[in-house]
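Working notes for the structure below.
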2 protein chains.
Amino acid sequence: MPTTHPHSDAPHPEAHEPDVDERTAAALRLWVIMSRAQAAVSDLASADVARHGLTLAEFGILEALYHRGPMLLGEVQKRILVSSGGITFLVDRLVAKGLVERRTCESDRRARYAALTAKGEELVRDIFPAHAAVITRAMAGIPSEDQQHVADMLRDVGRHAANLPPAD
Amino acid sequence: MPTTHPHSDAPHPEAHEPDVDERTAAALRLWVIMSRAQAAVSDLASADVARHGLTLAEFGILEALYHRGPMLLGEVQKRILVSSGGITFLVDRLVAKGLVERRTCESDRRARYAALTAKGEELVRDIFPAHAAVITRAMAGIPSEDQQHVADMLRDVGRHAANLPPAD
DNA sequence: TGCCGTTGTCTTACTACTAAGTATTATACA
DNA sequence: TGTATAATACTTAGTAGTAAGACAACGGCA
């Protein structure tokens, strides 16, 4: 017998069938799912660092400085994917919190380094392990043995997208 | 002979080795790569819809309404992943542009539907195919035959992250 | 019926950024 | 050398959102 749902799933008369080929439909589905996954993990990570009064972007800077040592503002900017004005603003905030200091660059007087203060270093040491654990647990949705492979493919997506003409 | 790089890759004295196990390191790498891929595709998609004076969030609403028909604001909100205030604001903007209209709900006088106007419908019909093509090309970084599999895994990451306790 | 917790939208105040342009310094070249 | 171009950080103004809460209406229950 034909089953009938309590909620009608007949399409609304004002709805339109998506008329795309299966290849396109698969890409669009993947794009939506990737965005949702990224947003979900991002929310989780944000909530985690927010407990310490930090933005995800701020934490990213601290972590980069912790693991790489002092960096030029422009280098940090490229790593964190933030605008030029944004990096100035973020570093300002971290300086105000006493976690980061600016240093002049001997060989280029335009450039400034950002470096962790002792307090900043201590903070990263304190919160990094738990933060890494949160991310790791979220990412456990992908089997450990597949993670490298997925990462390789996603890296390719990033490269692909970055090299695509903005419009054509 | 030992090759020497022009740029020293000796770690900076103020840098710290990340002391995490390989499993954690892999998860963190994947997280960074996923974020970058998402950001790159998002930038591309934003630039594409910006040519028509739209935000990505605005386009998402239009597309959802086009393919599903009129929806309650709350439904749209869940689909677009935006705050409750945000959906009001976004729909306001789309109404101001003449692309969307609000309709009252017969059975619940609190609720409002959002529905495309003729102009909105025409706009989606105009720009959706090219937009889908942009996304598809970016996503081509992942071989077509792997896309379904990757989508399944990422969906799991999203579920994982959403169900994880905010902090523990 | 009248109350109470819930739901759906909207309002207000705020925030974390971006975009665009400026000042300064470095670099390449005639 | 002097000049044009590029790179680096910063400034200012603006924007797309969020968070918290108010208000109205619904639905269950005594």
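This is a predicted model, so every value here is computed, not measured. A, B, ... follow the sequence lines: proteins, then strands. Residue 1 opens every chain. Below, all heavy atoms of this structure are taken into account, side chains as well, without hydrogens, waters or symmetry copies.
To the nearest angstrom, P of C:dA16 lies 11 Å from CG of A:L54. Going from atom CG of B:L90 over to atom C1' of D:dT18 covers 12 Å, rounded to whole Å. The CG atom of B:D43 sits 14 Å away from the C1' atom of C:dA19 (whole-angstrom rounding).
When the shell of 6.0 Å around CD of A:E106 is examined, it contains 12 or fewer heavy atoms from other residues, nucleotides or ligands. The 12-atom threshold is exceeded at CZ of A:R125, counting heavy atoms of other residues, nucleotides or ligands nearer than 6.0 Å. Summarising the local packing, CZ of A:R102 is surrounded by more than 12 heavy atoms from other residues, nucleotides or ligands at distances under 6.0 Å. Within a 6.0 Å sphere centred on CZ of B:R68, heavy atoms belonging to other residues, nucleotides or ligands number 12 at most. No more than 12 heavy-atom neighbours from other residues, nucleotides or ligands sit within 6.0 angstrom of CD on B:E17. The 12-atom threshold is exceeded at NE2 of A:H16, counting heavy atoms of other residues, nucleotides or ligands nearer than 6.0 Å.
For the atom pair CE (B:M139) and CZ (A:R29), the distance works out to 12.5 Å, reported to the nearest 0.5 Å.
Under the rule for a salt bridge (charged side-chain N to carboxylate O under 4.0 Å, His left out), the partners of B:D152 that lie at least two apart in sequence or sit in another chain are B:R155. Every residue meeting the side-chain contact (heavy atoms from CB on, under 4.5 Å) condition with A:S35, not counting sequence neighbours, appears here in chain and number order: A:W31, B:Q38. Listed by chain and residue number, B:R103, B:A115, B:T117 satisfy the side-chain contact (heavy atoms from CB on, under 4.5 Å) test with B:E101 (two or more places apart in sequence, or in another chain).
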Polar atom pairs between nucleotides 7-10 of chain D and protein, under 3.5 Å, N or O only, would you list them?
from   : atom 1 : to     : atom 2 : distance (Å)
D:dA7  : N3     : A:R110 : NH1    : 2.7
D:dA9  : OP1    : A:L73  : N      : 3.1
D:dA9  : OP1    : A:G74  : N      : 3.4
D:dA9  : OP1    : A:R112 : O      : 3.4
D:dA9  : OP2    : A:G74  : N      : 2.7
D:dC10 : OP1    : A:R102 : NE     : 3.1
D:dC10 : OP1    : A:R112 : NH1    : 3.2
D:dC10 : OP2    : A:T88  : OG1    : 3.4
D:dC10 : OP2    : A:R102 : NH2    : 3.2
D:dC10 : N4     : A:S84  : OG     : 2.6

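When distances are taken from the side chain of B:R93 to each of D:dA25, C:dT25, D:dA16, the shortest belongs to D:dA16.
A heavy atom closer than 4.0 Å to some atom of DNA chain C occurs in no member of residues 56-66 of chain B.
Here B:F128 and B:H67 bring their ring centres to under 6.0 angstrom of each other.
Toward the 5' end of DNA chain C, the nearer of the two residues A:T55 and B:F89, judged by each one's closest nucleotide, is B:F89.
Two end axes, each from the C1' atoms of five base pairs, can be drawn for the helix from C:dT1-D:dA30 to C:dA30-D:dT1; they diverge by 20°, to 10 degrees.
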